[in-house]
Amino acid sequence: MRKYSLIINQEKKRVHIEPGDILLDVLRRNGYKGVKRGCGEGECGACIVLLDNKPVNSCLILAASVENREITTIEGLGSVDKPHPLQKAFVEKGAIQCGFCTPGIILVAKSLLDCNPNPTEEEIKKALDGNLCRCTGYVKIIEAVKSLCKIYGKT
């Protein structure tokens, strides 16, 4: 086991990483429970984090390979007392049910809106293509993302 420096939610951390550890396991072991274990194959999106502001499946990335890179988990976006606008929009639009897929979906939506503040519905659907949700369908999720185009895109 070796210690590595990871930048998690804008905070530099020293964490123990075993050879072969995946990022998902290291994050969960260090208290980031918003990162979920889903399929383990990069198909469901439950484990998505932002790596250098781009969505990645943390179940497919060796933890040692992200030393000194910027990792953002759902815990890094907002809190119960001060939620991120996306978190508020998902609650207000009823886009959350069980919550298992929600962190990954919100992180993908953030990445999309940061790059494209006024996406079309098709662009939103394409961005969310790697996220499976079994509870809400996707209508309310898309509505929540679209509702923020006014804030991000100032239209």
Side-chain angles (χ1 to χ4, degrees), residues 1-91 95-119 122-136 138 141-142 144-145 148-149 151-152:
M1 186 178 305
R2 185 176 148 217
K3 278 200 161 193
Y4 287 79
S5 292
L6 302 181
I7 304 164
I8 306 170
N9 300 331
Q10 300 179 339
E11 193 176 319
K12 195 161 195 159
K13 303 261 185 175
R14 296 281 294 161
V15 299
H16 291 284
I17 297 176
E18 297 272 352
D21 274 354
I22 58 171
L23 183 57
L24 166 67
D25 292 336
V26 170
L27 290 170
R28 289 191 59 82
R29 199 166 52 229
N30 284 278
Y32 300 95
K33 302 298 184 189
V35 183
K36 305 291 194 253
R37 179 178 304 284
C39 67
E41 298 176 356
E43 296 292 325
C44 72
C47 69
I48 286 179
V49 297
L50 299 180
L51 180 60
D52 300 328
N53 297 314
K54 301 219 179 329
V56 296
N57 291 297
S58 63
C59 72
L60 298 178
I61 296 179
L62 288 173
S65 72
V66 299
E67 186 166 32
N68 293 316
R69 292 179 66 192
E70 184 73 33
I71 301 160
T72 304
T73 70
I74 195 70
E75 291 91 350
L77 284 191
S79 66
V80 173
D81 297 331
K82 192 174 178 188
H84 185 278
L86 269 165
Q87 292 167 316
K88 283 178 74 169
F90 270 60
V91 170
I96 298 172
Q97 286 189 18
C98 82
F100 191 79
C101 65
T102 306
I105 291 173
I106 287 176
L107 290 170
V108 167
K110 181 186 184 314
S111 177
L112 170 66
L113 292 170
D114 285 347
C115 294
N116 180 0
N118 205 6
E122 279 307 307
E123 290 169 325
I124 295 168
K125 287 178 181 178
K126 185 176 180 182
L128 296 174
D129 189 41
N131 296 88
L132 298 179
C133 176
R134 291 184 169 99
C135 297
T136 64
Y138 294 88
I141 292 169
I142 292 166
V145 176
L148 288 188
C149 293
I151 294 169
Y152 275 80

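Note that the structure is a prediction, hence the values are computed from the model and not measured.
- Side-chain contact between Leu107 and Leu77: present, with at least one pair of heavy atoms (C-beta onward) separated by less than 4.5 Å.
- Distance check: Ile71 CD1 to Leu23 CG gives 5.0 Å after rounding to the nearest 0.5 Å.
- Tyr32 places no side-chain N or O within 3.5 Å of a backbone atom of Val26 that could act as its donor or acceptor partner.
- Looking at heavy atoms from C-beta onward, Ser111 lies out of side-chain contact with Asn53 at the 4.5 angstrom threshold.
- For the pair Ile48 and Pro55, the minimum side-chain heavy-atom distance is below 4.5 Å.
- Asn131 and Gly104 get closest at one heavy-atom pair: ND2-C, 3.5 Å.
- Taking every heavy atom of both residues into account, Leu132 and Tyr138 meet most closely at CA-OH, 3.3 Å.
- Legend: residues meeting side-chain contact (heavy atoms from CB on, under 4.5 Å) with His16, ordered by chain and number and at least two apart, are Met1, Lys3.
- The side-chain contact (heavy atoms from CB on, under 4.5 Å) check on Cys115 picks up nothing, with sequence neighbours excluded.
- Partners of Ala46 under the side-chain contact (heavy atoms from CB on, under 4.5 Å) rule, at least two apart in sequence or in another chain, are Lys36, Cys44, Phe100.
- Here the CD1 atom belonging to Ile106 is positioned 5.0 Å from the CZ atom belonging to Phe90, to the nearest 0.5 angstrom.
- In terms of the side-chain hydrogen bond (donor to acceptor under 3.5 Å, both in side chains) criterion, Asn30 has no residue partners (sequence neighbours excluded).
- In terms of heavy-atom proximity, Gly40 sits nearest to Leu60 at O-CD2, 4.5 Å.
- Side-chain atoms of Glu75 come within 3.5 Å of backbone atoms of Lys33 as a donor-acceptor pair (strictly under, hydrogens ignored).
- In this structure the side chain of Leu113 reaches within 4.5 angstrom of the side chain of Cys149, judged on heavy atoms.
- Residue pairs that meet the salt bridge (Lys or Arg N to Asp or Glu O under 4.0 Å) test with at least one member in residues 79-88, sequence neighbours left out, do not exist here.
- The two residues Val35 and Ser58 come nearest to each other via the heavy atoms CG1-OG, 3.4 Å.
- Contact annotation: the side chain of Thr72 never approaches that of Val49 to less than 4.5 Å [non-hydrogen atoms, C-beta and beyond].
- Here Tyr4 pairs with Arg2, Ile17, Ala64, Glu67 under the side-chain contact (heavy atoms from CB on, under 4.5 Å) rule; sequence neighbours left out.
- In this view, Arg134 satisfies the side-chain hydrogen bond (donor to acceptor under 3.5 Å, both in side chains) rule with no residue, not counting sequence neighbours.
- Under the side-chain hydrogen bond (donor to acceptor under 3.5 Å, both in side chains) criterion, Asn116 pairs with Glu123, sequence neighbours left out.
- Legend: salt bridge (Lys or Arg N to Asp or Glu O under 4.0 Å) pairs involving residues 51-61, not counting sequence neighbours, sorted by first then second residue: Asp52-Arg69.
- Sorted by first then second residue, the salt bridge (Lys or Arg N to Asp or Glu O under 4.0 Å) pairs that include residues 106-118, not counting sequence neighbours, are Lys110-Asp114.
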Contacts table for residues 5-12: side-chain donor-acceptor under 3.5 angstrom, sequence neighbours left out:
| from | atom 1 | to | atom 2 | distance (Å) |
| --- | --- | --- | --- | --- |
| Ser5 | OG | Arg14 | NH1 | 3.0 |
| Asn9 | OD1 | Thr73 | N | 2.8 |
| Asn9 | OD1 | Thr73 | OG1 | 3.4 |
| Asn9 | ND2 | Thr73 | OG1 | 2.9 |
| Glu11 | OE2 | Lys13 | NZ | 3.4 |
| Lys12 | NZ | Asn68 | OD1 | 3.4 |

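- Under the rule for a side-chain hydrogen bond (donor to acceptor under 3.5 Å, both in side chains), the partners of Asp21 that lie at least two apart in sequence or sit in another chain are Arg29.
- Considering Ile105, Ile141, Val91 as possible partners of Ile96, the one that fulfils the side chain to side chain contact (heavy atoms under 4.5 Å, CB included) test is Val91.
- Taken to the nearest 0.5 Å, the CG atom of Leu128 stands 6.5 Å off from the CD1 atom of Ile142.
- Across all non-hydrogen atoms, the minimal contact from Pro119 to Leu112 is CG-CD2, 3.9 Å.
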